[in-house]
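Naming convention: chains lettered A, B, ... in sequence-line order (proteins, then strands); numbering from 1 in each chain. Heavy atoms only: backbone and side chains are in, while hydrogens, waters and symmetry mates are out.
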Amino acid sequence: MKRFNVLFHKEWVEAWREKKLVWLPAVILLVTLLQPISLYFMPTILENSNSLPPGAVIELPIPSGAEVLAGTLSQLHTIGTAIIVLACMNVIVQERNNGSLMQLFSRPVNTATYIFSKWTMLVMLHLGAFTISYGAAWYYTNILFSDVSLSSVWKSFVIYCLWIVLVITVTLFVSTFLRRSGGVAGISILILASIALLSTVIPDIAIYLPSNLLNLATELLSTGKGTMPIAAVLVTTIAFIALLLFTMVKQFEKSVKF
Amino acid sequence: MENIVTLLLPVIVIQFLLLIIALISCIRAEETLGPKWVWIVIIFCISIIGPILYFVIGQRKDAYK
């Protein structure tokens, strides 16, 4: 436990040094904030654009607060996932390439301790950033559009947190195999995209797949309770994350034996 | 019009913060991946994405200096 604390502390220091502690929350906050604001000003933006013929009448229905927040989530799903992968792709690869990994494992350090210190730090950082930005998006939605109840926001928040944890785990998993950060980012996004593709190819198992988390979260936002079984996707996602963590530790143990 | 400014204020502040932090970290870095002046131009000219690019691929992080 003491070793874990030391490594965990080192992770935070490193994140501060490369300013990840600042830019990651800032970027995620920007992505989420721009969605409600741009939706609110959409009529003004369209009015001021020159591409419309004079006299054109556009009537946009005002979206409800729940729809706006759901839009924010899906915005985060595309851009945010890419940002999370970019932020996580370097963590193991870099240490492996500059030799500090070799020096670290010449001491009695457990691979599981090492992996979990990284994983815990990344999960805490990303979930913290997501909490702040989702809260801010909720605040903006409430003042610009209609109120969304706290209970449905809370449920969708918890559901969506799982997706973020999954993205982090997949990226770390791939980085225990590959030695180039570009390759790590590519393969991780490929894996995450193929999960989504699988749900369209085989619709029967779609409700069990982690890519269903976004649909579930948006549905919880708009109706308050989902028509889809929540437990199924929760169980498969958590099992998938646990499996990835387990294989990651095993694989990493093999690769750092010299 | 005032409405727009107050609403966009947080966004502008965050964007500005990102720019400043990226600039400071780039200037203070001993070495960057690629010429330093190119990174400064990128950070200045491409909003939001420029600083992110610098933070993700521009920094050279050697553990032992």
A/K19 and B/F55: CA distance, side-chain angles, deciding distance, side-chain contact (heavy atoms from CB on, under 4.5 Å) verdict:
CA-CA 8 Å; A/K19 298 289 174 292; B/F55 282 126; 3.6 Å; yes
Let's go through B/I21 and A/W23 carefully: what are the C-alpha distance in whole Å and the side-chain angles of both, what is the deciding distance for side-chain contact (heavy atoms from CB on, under 4.5 Å) to 0.1 Å, and is it a yes or a no?
CA-CA 8 Å; B/I21 293 166; A/W23 72 258; over 6 Å; no
Given the rule in the side-chain contact (heavy atoms from CB on, under 4.5 Å) test, do A/M89 and B/V56 qualify, once you have shown the distances and angles that lead to the verdict?
CA-CA 9 Å; A/M89 69 183 185; B/V56 173; 3.5 Å; yes
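Interatomic distance, B/Q59 CD to A/K20 NZ, rounded to the nearest 0.5 Å: 9.5 Å.
Heavy atoms from other residues, nucleotides or ligands lying under 6.0 Å from CG of A/L46 number more than 12. Heavy-atom neighbours of B/F16 CZ from other residues, nucleotides or ligands within 6.0 Å: at or below the threshold of 12. By the 6.0 Å contact criterion, CD1 on B/I49 is open, its count of non-hydrogen atoms from other residues, nucleotides or ligands being 12 or less.
Checking side-chain atoms of A/Y140 against main-chain N and O of B/L7 turns up a donor-acceptor pair under 3.5 Å.
Proximity to chain B is limited to the side chain of A/L144, based on heavy atoms less than 4.5 angstrom apart. For A/I37, the part lying under 4.5 angstrom from a heavy atom of chain B is the side chain only.
Note: A/L30 leads A/L29, A/V22, A/L30 in heavy-atom pairs under 4.5 Å with chain B.
Residues A/L86 and B/I57 are not in side-chain contact: their nearest non-hydrogen atoms beyond the backbone lie 4.5 Å or more apart.
Minimum heavy-atom separation, A/A26 to B/L18: CB-CD1, 3.6 Å.
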